[in-house]
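So the structure is just underneath, and the comments pick up after that.
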2 protein chains.
Amino acid sequence: MNTPIPAPQDSGADRQPEAPEPDSQTFGISDLARQFQVTTRTIRFYEDKGLLNPARQGMKRIYGQRDLVRLRLVLRGKRLGFSLDEIAGIMDMYDTDPGEIGQLRYMLNRLAEQRRTLLQQRRDLEQTLTELDQIEAQCRRQLGEIRE
Amino acid sequence: MNTPIPAPQDSGADRQPEAPEPDSQTFGISDLARQFQVTTRTIRFYEDKGLLNPARQGMKRIYGQRDLVRLRLVLRGKRLGFSLDEIAGIMDMYDTDPGEIGQLRYMLNRLAEQRRTLLQQRRDLEQTLTELDQIEAQCRRQLGEIRE
DNA sequence: CTGTTACTTGACGTTTACGTAAACGTAATA
DNA sequence: TATTACGTTTACGTAAACGTCAAGTAACAG
């Protein structure tokens with residue numbers, strides 16, 4: 001339920017107190033919160049759940065590109081109505097390197113499963129959209145009638 | 001906890017409060033549960049929330065076509081990740097007869113809003129699907145390499 | 001009458017996804 | 001040095017969506 005993944009980021013090489021390294025962009029937790037319109041609590045919660053795991057600089061959490069991508073994925077998953085656990089499962093597929101052949105087969109199964117879910121969702125979506133269209137048309141008719 | 005049952009807005013559409021009508025198919029709660037693969041608890045819960053409101057025959061709940069349609073809508077909404085409250089809101093749009101012109105404008109706004117949500121969801125969906133495709137392709141490549 | 005089956009209404013328990021303090025650490029600034 | 005800003009962990013609170021008893025009713029079989 002966790003992600004091993006050792007942080008390859010910055011192992012405390014030379015640092016000057018007044019020169020924040022300009023290499024690949026990094027962010028504090030508040031920056032992230034602002035960018036993605038979520039609270040810091042939420043971000044920490046996702047970390048607890050193993051969805052993120054930022055580097056640390058002392059106590060502080062430092063977020064890099066990888067974390068941005070992950071957070072984006074999480075929020076997209078939420079918009080699609082998946083639970084955090086499900087999202088964790090999906091993200092595992094994104095970056096699991098399937099060494100064994102068994103693993104590969106397993107992953108292919110999960111991919112197929114996931115695809116089925118998404119396709120069902122797409123059907124639901126399209127149907128809902130057409131129904132909304134009908135309702136709207138009805139509304140506009142009514143509006144027309146009243147105005148005359 | 002009670003449910004004040006927020007105004008059964010049957011403005012226009014008539015319903016017989018009590019009548020042992022044998023005409024259009026009716027169902028008991030267990031029938032419904034089986035058909036839709038949910039528990040009776042869930043069905044009663046939805047009623048508490050105002051999403052269903054079946055006729056009664058004595059104490060027993062009797063479900064008709066209208067209820068079937070509603071339940072289907074609820075479950076579809078859930079598959080799309082909406083909360084029961086949101087679903088209630090959507091269903092209001094389905095069968096609210098917007099008498100006043102203000103109501104009409106309000107509904108059109110809500111429709112537009114809802115549409116935006118769904119369109120966003122569709123984008124998320126398509127992107128996720130293409131990403132899954134990429135992952136799968138990668139998997140299949142790996143599988144090919146190993147086999148040789 | 002007794003037992004079984006299906007249904008009812010509470011009412012408390014559980015999981016998920018955070019919100020909301022409380023209490024403390026670190027660092028720049030007035 | 002005191003304040004302010006931002007960060008940390010720990011922990012209790014909460015709304016949603018049911019699950020899970022408990023206890024009672026109503027109909028019917030044997």
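The basis for the numbers below is simple: all heavy atoms, side chains too, and nothing from hydrogens, waters or symmetry mates.
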Legend entry - Integer-rounded Å distance: C:dG10 P and B:Glu47 CD: 12 Å
Inset, instruction - Using a 4.0 Å heavy-atom cut-off across all strands, classify A:Thr40 as base, sugar-phosphate, or nothing. - result: nothing
Legend entry - Any B:Thr39 side-chain N or O less than 4.0 Å from OP1/OP2 of D:dG19: yes
Legend entry - OP1 or OP2 of C:dC18 under 4.0 Å from side-chain N/O of A:Lys78: yes
Legend entry - Distance test, side-chain N/O of A:Arg44 to OP1/OP2 of D:dT8, below 4.0 Å: yes
Inset, instruction - Take A:Arg41 and A:Lys60, find for each the nucleotide of DNA chain D with the closest heavy atom, and name the residue whose nucleotide sits nearer the 5' end. - result: A:Lys60
Inset, instruction - Would you confirm whether A:Asp67, through its side chain, and A:Gly64, through its main-chain N or O, come within 3.5 Å as a donor-acceptor pair? - result: yes
Legend entry - Length of the line joining A:Leu84:CG and D:dA16:P, which is rounded to integer Å: 18 Å
Inset, instruction - Taking B:Arg61 for its side chain and B:Ala55 for its backbone only, find out whether a donor-acceptor pair lies under 3.5 Å. - result: no
Inset, instruction - Using distance alone, with no hydrogens and no angle criterion, decide if A:Asp124 and A:Gln120 have a side-chain donor and acceptor under 3.5 Å apart. - result: yes
Inset, instruction - Using only side-chain N and O atoms of A:Arg61, determine if any of them is under 4.0 Å from OP1 or OP2 of D:dT9. - result: yes
Inset, instruction - Give the rounded distance in Å between these two atoms: CZ of A:Phe82 and C1' of C:dT15. - result: 19 Å
Inset, instruction - Establish, with yes or no, whether the OP1 or OP2 oxygen of D:dA26 is under 4.0 angstrom from a side-chain nitrogen or oxygen of B:Arg56. - result: no
Inset, instruction - Would you mind reading off the distance between A:Ile43 atom CD1 and D:dT9 atom P, rounded to a whole angstrom? - result: 13 Å
Legend entry - Short side-chain N/O contact from B:Thr42 to OP1 or OP2 of D:dA17, under 4.0 Å: no
Inset, instruction - May I ask you to say what B:Tyr46 touches in the nucleic acid, namely base, sugar-phosphate or nothing, with a heavy-atom cut-off under 4.0 Å? - result: sugar-phosphate
Inset, instruction - State whether the side chain of A:Gln103 and the backbone N or O of A:Glu100 hold a donor-acceptor pair below 3.5 Å, judged by distance alone. - result: no
Inset, instruction - Identify which nucleotide among D:dT8, C:dC18, C:dC7 has an atom closest to any side-chain atom of A:Phe45, counting heavy atoms from C-beta outward. - result: C:dC18
